[in-house]
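Naming: A, B, ... by sequence-line order, numbering from 1 per chain.
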Amino acid sequence: AQSVTQLGSHVSVSEGALVLLRCNYSSSVPPYLFWYVQYPNQGLQLLLKYTSAATLVKGINGFEAEFKKSETSFHLTKPSAHMSDAAEYFCAVSEGNTGKLIFGQGTTLQVKP
Amino acid sequence: DSGVTQTPKHLITATGQRVTLRCSPRSGDLSVYWYQQSLDQGLQFLIQYYNGEERAKGNILERFSAQQFPDLHSELNLSSLELGDSALYFCASSSRGGGYYGYTFGSGTRLTVV
């Protein structure tokens, strides 16, 4: 069965610094992978997705993620953090034909001024 | 506005009671997914419906049930509520290829059981 592990439940960076949120997946088939962001008191919003095309995927708000099959990773990065990036980030893998998404435990990103 | 509508936004009820959460999917989406989000369990998949039929089931308690109606809206029924059922309940919808395109989430219903 597919699963997702997000390394680090809390990440703190300074404004302008590189953001790196880690995600490793387990899947017996080529995976579809997703990153979602959740702002306080809101639902989840799709940031980007990997669906077996380009391994470097660009998303909204300047985020991007790179699929590395050899490392079973799909880490999320942003070159320069903004205060508005403070939120919770979820990595997810698609399971089978149902389209069900399996989510990681989430990483809370704090951005310090 | 994501296009997925969940009502009510907040619900406070007593233990032992029954509540119904409602979800209207984004126009054109046939699949509806329900998730429970709590601090200790994270985002847990409950159940999926596709065009009125149950498609996949997760760790949904027997006290919980759901259905999708002909107009594609869905309801999640929670009965014999316990304190531990307090959580955010999200509905999401997708086109047929939800696993490929991803979901659109509603803003959730926050359930507090007292």
Among the clusters formed by ILVMFWY side chains lying less than 4.5 Å apart, do [X] and [Y] turn up in the same one?
| X | Y | result |
| --- | --- | --- |
| A:V57 | A:Y32 | no |
| A:V13 | A:L18 | no |
| B:L76 | B:L111 | yes |

Legend entry - Any residue meeting ring pair (Phe, Tyr, Trp, His ring centres under 6.0 Å) with B:Y50, in chain and number order, not counting sequence neighbours: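 Ring pair (Phe, Tyr, Trp, His ring centres under 6.0 Å) check on B:Y50 returns nothing, list empty.
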
Legend entry - Heavy-atom check, side chain of B:Q37 versus side chain of A:F103, under 4.5 Å: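 Not touching, per the 4.5 Å side-chain cut-off.
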
Can you tell me which portion of [X] sits under 4.5 Å from chain B's heavy atoms? Options are side chain, backbone, both or neither.
| X | value |
| --- | --- |
| A:Q105 | side chain |
| A:Q45 | neither |
| A:Y50 | neither |
| A:L44 | both |

Please list, one pair per line, the donor and acceptor atoms closer than 3.5 Å that link side chains of residues 80-92 of chain B to other protein atoms, with sequence neighbours excluded.
residue : atom : partner : partner atom : Å
B:D85   : OD1  : B:R63   : NH2          : 3.0
B:D85   : OD2  : B:R63   : NH1          : 2.8
B:D85   : OD2  : B:R63   : NH2          : 3.2
B:D85   : OD2  : B:E82   : N            : 2.8
B:S86   : OG   : B:L83   : O            : 3.1
B:S86   : OG   : B:V113  : N            : 2.8
B:Y89   : OH   : B:Q36   : NE2          : 2.9
B:Y89   : OH   : B:D85   : O            : 2.6

On a heavy-atom basis, which atom in [X] and which in [Y] lie closest, and how many Å separate them?
| X | Y | value |
| --- | --- | --- |
| A:L101 | B:Y103 | N-OH, 2.7 Å |
| B:K57 | A:K100 | O-NZ, 4.5 Å |
| A:N41 | B:R110 | OD1-NH2, 4.3 Å |

Inset, instruction - Could you tell me whether the side chain of A:Y36 and the main chain of B:F105 form a donor-acceptor pair under 3.5 Å? - result: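 Pair absent, no side-chain N/O of A:Y36 close to backbone of B:F105.
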
